Each structure stands twice: as C-alpha cells, then as structure tokens.
Amino acid sequence: MHAWPSAEIPRLPGESLPVQVRDASSGELVPAAPGPEFRMYVCGITPYDATHLGHANTYVTFDLLNRAVRDSGVAVHYVQNVTDVDDPLLERATATGMDWRVLAERETELFREDMTALQVLAPEHYVGAVEAIPLINEFLLGLRGRGATYEVETDTYLAVHADPAFGGVARLSQSQMLELFAERGGDPARAGKKDPLDALVWRGERPGEPAWVSPAGPGRPGWHIECTAIAMDRLGETVDVMGGGRDLAFPHHEMGSSHAHVLTGHPGFVRVHVHAGLVGYQGEKMSKSRGNLVFVSKLRAAGVEPAAIRLALLSRHYGTDWEWTDAVLTQAQERLSTWRAAVSRPDGLDATSTLAEVRAALAGDLNAPAALAAIDAWAAAQNATGGTDLGAPGIISRLSDALLGVAL
Ligand code: 5CA
Ligand code: ZN
C-alpha cells in the first residue's frame, strides 16, 4: 500500500557520529548501523482506531533513529507493516457494524495524515498483512518443509522449540512468558497444542470471517508471521533494527524471530531489538483496550501544532515509560515559541558547538532530551544577547528540522 509524503531533509554542515542504541535483549549499547546500509523494520498499527500518543511516540522514536543514521551518511531501508486483518480489527468492525476493510482503510488514512503532520519520514515499503498473504503462504510452506508446524483442528501452529534460540529476545522466565502470552493475543491453554507457547501461524476459516487460500487451507495469517514474512521479503535474512513499543518484546518479537530462525536454520534474523517505552495517561498505559487515549488527530483538530506534539514526545527519553499530561504539552509549546523567537532574530550566536552537541546526544542512544537541552541553551543565550554570526539561526533551524523533525 502507499505510505505518506516525506518532507525534504535539510543538509547540515560538518561531520556526524555513528549512532549507538541500546539492545533491548542484552541491555548493551551497540552500533545501530555498522554497515553501509541500514535495514530497519518497525511494527505498524492495527488500524481499528485512531493514532494515539503512545503510537506516535513509538514512530517518532524510530524517525529519530532514521534521521540520525541518515545524517551519519548511511543509506536507510525502512519497512513498516499495517496489520489490516486481525482479531481486534474484526471485532471492532462487527461491534460498529462496519465492513472491516472500510474501517482499516479509514484508520490507516488517518494514521498517514498524523504521520505527515508529525513530520515522520515515510518507510520505503509500507505493507499490509492482506497484501502480504502470498509471502506468508511461501513462508508457511518453508516452515512446513522444516517439519516444524502441526495442526489443531483447522489451525496451524509452529512448534517454538524448533528454534533453539527461542527466548533470547525478551529473556523472560517460563511463567512470565505464559502470563504475557495469555495477555497479548496468545492461547497457552488451548487443548491439542504440543507446547502452550506454540504460536498460531495460520488460523483456519471461521464463519463470518474473511479467508484466503493457503497451503494450510482457507483462513487468515497469524500475527507474528506477518511481520517476519514482510521483513524478510523486503530486507533480507537479517535486519539491523527491529522496532516497536516495549509491549511487543513478548510475544510478538520473540515469536517473530523464532519463525525466522526456523525458516532459515540460523539465529541471525535481528541484530538489535529496540523498544520504545510505553506512554501512559491517567495512571495506566495508553491503550485502545483501556480506552484512556489521547488522539493525535483530536489534538490537531483542537488547534495544537503538530511540531509542539512532536517536541512534547521528544522531551522524554525513548527508553523510559512516561505519563502524558497537559503540562508536558504546555512546556513543549513554550519551548517551540522560545526557539522560534531565537531563530527569528536578525543577529546570531555561534551554533557550531550546539550542532555537535545535538549530534552527540542523538548518537548516544537517541538522547532527545539532551538534544533539546542543547538547543534550549543556545536559544536562551541567543534571546538574551545575540551575536554576530548571521548564519547561526539558519543552522539551528536546519538542525531542528533535519535531526529532530521539528520545522521552526
Ligand atoms: N500491528 C501491531 C504490530 S505488528 C500492533 O502492535 N499494533 S498497535 O496498533 O497495537 O500498536 C502500534 C505500535 O504502537 C506498536 O509498536 C506498539 O508497541 C506501539 N504502542 C501501542 N501502545 C503504546 C503506548 N501506550 N506507548 C508507546 N507505544 C505504544
Ligand atoms: Zn509486528
């Protein structure tokens, strides 16, 4: 499917640094893009409702990584999916009396508008689960060829222990895995499974549900196989960064990796998992199922500038869980005004060291709050005293635009 338009990235003077990120599995800082090309897959939305600030935070996080890696001179290949057929989408469509396809298209279109407004660079490939079914079918044949699948009634499962590296992504205990699996779409208690953690790779047709032809019979894809099949088709057998919110570590990314390992026969699918912290609201994780949502589109409709929303998201380090409040937004709006006033002055305070500080902050595990602090310091001094470097305001504008995605 089509993605959304990307704004042009201004060029910046000088050299940047190689980017490091924290590997969510090992906890270590590692180079994000050690080669000449950087392959990134980020899990996309399930389009049954509008983009909330938790989603936006995740996509802005990976946009920051995309921008920092590009600035370091590395070519970026970025792929994102849309889970445009899955249980929650079908349930919402039934509950609201809508055709599931119409609902998915409507919410995907709203997501595109939100991403465009937030100045998130579009992925090179934006792929829906439905359009990926031929890839998933091939993947199913491959897994079956490895002797790793089995059936329970009309459903097909992959035996997790066919992957000797299973468990290496989230590194949880058996009881933690069982608990999260039950909470997040898995079916550990289903009778007939060989292991409670075996994942559904193909769900046989049910009355009233959409179904497609496959080597596993008519039905629809399991969740994890979708992302693995799309990532391997567009990026190859190894991706540099597999990204998403922290709630995807288990089971989604764990299962996705195990699917790939079983297919390829080696455990090298993902080099680094990067997980964004979860944004909460009113004391709980913002989630569609809890209903405590702040929608990007509603803020925009109320006249809030997308650049301020983006600055609000950047004011917290991506690795932490944090709580959205009105004060976070107000502070971002004030910051945006201060920066704009500073770059609008007819004189200029030298910005060379600010550029270096912002680059260093982002190269060190995407430390956006430190990057904002560096520009705050420049803006405060510029607003107080100014200077004689007439090119400096332009450098700050371009760096805010190119590296932070905030046009001043
Ligand atoms: N379609 C699947 C991924 S293949 C899915 O998880 N969709 S989603 O719509 O539920 O979430 C989209 C992305 O937003 C995921 O990366 C998820 O981890 C992230 N996300 C969801 N809620 C939050 C939150 N409260 N804070 C931060 N990120 C979140
Ligand atoms: Zn995914």
Side-chain angles (χ1 to χ4, degrees), residues 1 3 21 23-25 30 32-35 37-47 58-59 61-63 65-66 69 74-86 108 121-143 146 148 158 160 162-163 165-166 168-170 185 199-202 220-276:
M1 52 175 67
V21 286
D23 176 9
S25 299
V30 295
E37 301 208 333
F38 173 64
R39 290 148 300 180
M40 175 163 80
Y41 184 94
V42 177
C43 283
I45 54 162
T46 305
T58 290
Y59 299 111
T61 294
F62 292 97
D63 189 54
L65 179 57
N66 188 350
V69 171
V74 173
V76 176
H77 299 291
Y78 176 20
V79 179
Q80 190 179 126
N81 70 305
V82 185
T83 308
D84 59 358
V85 61
D86 202 6
T108 304
L121 298 173
E124 192 177 341
H125 299 278
Y126 193 48
V127 188
V130 171
E131 66 182 325
I133 286 174
L135 304 175
I136 293 167
N137 283 344
E138 251 180 73
F139 205 102
L140 284 170
L141 283 174
L143 293 177
R146 296 273 175 187
L158 177 67
V160 280
D163 170 25
F166 178 75
V169 175
L200 183 75
V201 286
W202 190 261
R220 58 183 170 94
W223 173 27
H224 319 300
I225 195 171
E226 163 194 345
C227 286
T228 311
I230 296 171
M232 290 182 73
D233 179 70
R234 299 301 204 274
L235 296 171
E237 286 196 2
T238 302
V239 304
D240 291 295
V241 163
M242 170 63 70
R246 208 193 315 282
D247 56 335
L248 297 188
F250 196 90
H252 187 50
H253 286 168
E254 188 79 63
M255 296 297 178
S257 277
S258 78
H259 290 19
H261 299 165
V262 173
L263 185 78
T264 61
H266 63 81
F269 174 48
V270 173
R271 213 169 48 71
V272 190
H273 280 92
V274 177
H275 291 139

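One-based numbering along the sequence shown. Since the model is a prediction, treat every value here as computed from it, not as a measurement.
Atom OH of Tyr41 sits about 3.0 Å away from atom CG of Asn81, to the nearest 0.5 Å. We find the CD-CD1 distance between Glu226 and Ile133 to be 9.5 Å, quoted to the nearest 0.5 Å. Here the OG1 atom belonging to Thr264 is positioned 7.0 Å from the CZ atom belonging to Arg146, to the nearest 0.5 angstrom. Considering NE2 of His77 and CZ of Arg39, their distance stands at 8.5 Å, rounded to 0.5 Å. Here the CG atom belonging to Leu140 is positioned 10.0 Å from the CG atom belonging to Leu263, to the nearest 0.5 angstrom.
Between Trp223 and Thr46 the shortest side-chain heavy-atom distance does not fall below 4.5 Å. A heavy-atom distance below 4.5 Å is not found between the side chains of His259 and Phe269. In this structure, the side chains of His273 and Ser257 come closer than 4.5 Å at one or more pairs of heavy atoms. Residues Asp233 and Phe139 fail the side-chain proximity criterion, which asks for heavy atoms closer than 4.5 Å. Counting heavy atoms from C-beta on, the side chains of Ser258 and His224 never come closer than 4.5 Å. Put simply, the side chain of Val69 does not reach to within 4.5 Å of the side chain of Met40, judged on heavy atoms. You'll find the side chain of Thr108 stays beyond 4.5 Å of the side chain of Asp84, heavy atoms only. Annotation: side chain of Ile225 is not in contact with side chain of Trp202 (no heavy-atom distance under 4.5 Å).
The two atoms that bring Asp240 and Pro34 nearest to each other are OD1-CD, 4.3 Å, heavy atoms only. Looking at every heavy atom in both residues, Met255 comes nearest to Val160 through SD-CG1, 3.9 Å. Of all heavy-atom pairs spanning Ala33 and Arg271, the tightest one is N-NH2, 3.9 Å. Pairing each heavy atom of Ile230 with each of Gly128, the nearest pair is CD1-O, 4.3 Å. A pairwise comparison of heavy atoms in Gly244 and His253 identifies N-CE1, 4.1 Å as the closest pair. Looking at every heavy atom in both residues, Cys43 comes nearest to Cys227 through SG-SG, 3.8 Å.
A donor-acceptor pair under 3.5 Å links the side-chain atoms of Thr238 to the main chain of Gly268, judged by distance alone. Between the side chain of Glu254 and the main chain of Gly168, a donor-acceptor pair closer than 3.5 Å is present. In this structure, Asp63 contributes its side chain and Leu121 its backbone to a donor-acceptor pair below 3.5 Å. At distances below 3.5 Å, not a single donor-acceptor pair connects side-chain atoms of Gln80 with backbone N or O atoms of Gly44. Side chain of Thr228 to main chain of Gly256: a donor-acceptor pair is present (N/O by atom type, distance under 3.5 Å, no hydrogens or angles).
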> Taking it one step at a time, do Arg234 and Leu135 satisfy side-chain contact (heavy atoms from CB on, under 4.5 Å)?
Replying inline: CA-CA 10 Å; Arg234 299 301 204 274; Leu135 304 175; 3.8 Å; yes
> Step by step, would you call Phe62 with Val241 a side-chain contact (heavy atoms from CB on, under 4.5 Å)?
Replying inline: CA-CA 10 Å; Phe62 292 97; Val241 163; 4.2 Å; yes
>> side-chain contact (heavy atoms from CB on, under 4.5 Å), that's the test. Do Val21 and Leu65 meet it? Break it down for me.
In response: CA-CA 9 Å; Val21 286; Leu65 179 57; 3.9 Å; yes
>> One pair to check against side-chain contact (heavy atoms from CB on, under 4.5 Å): Val82 and Tyr126. What are the steps and the verdict?
In response: CA-CA 7 Å; Val82 185; Tyr126 193 48; 3.2 Å; yes
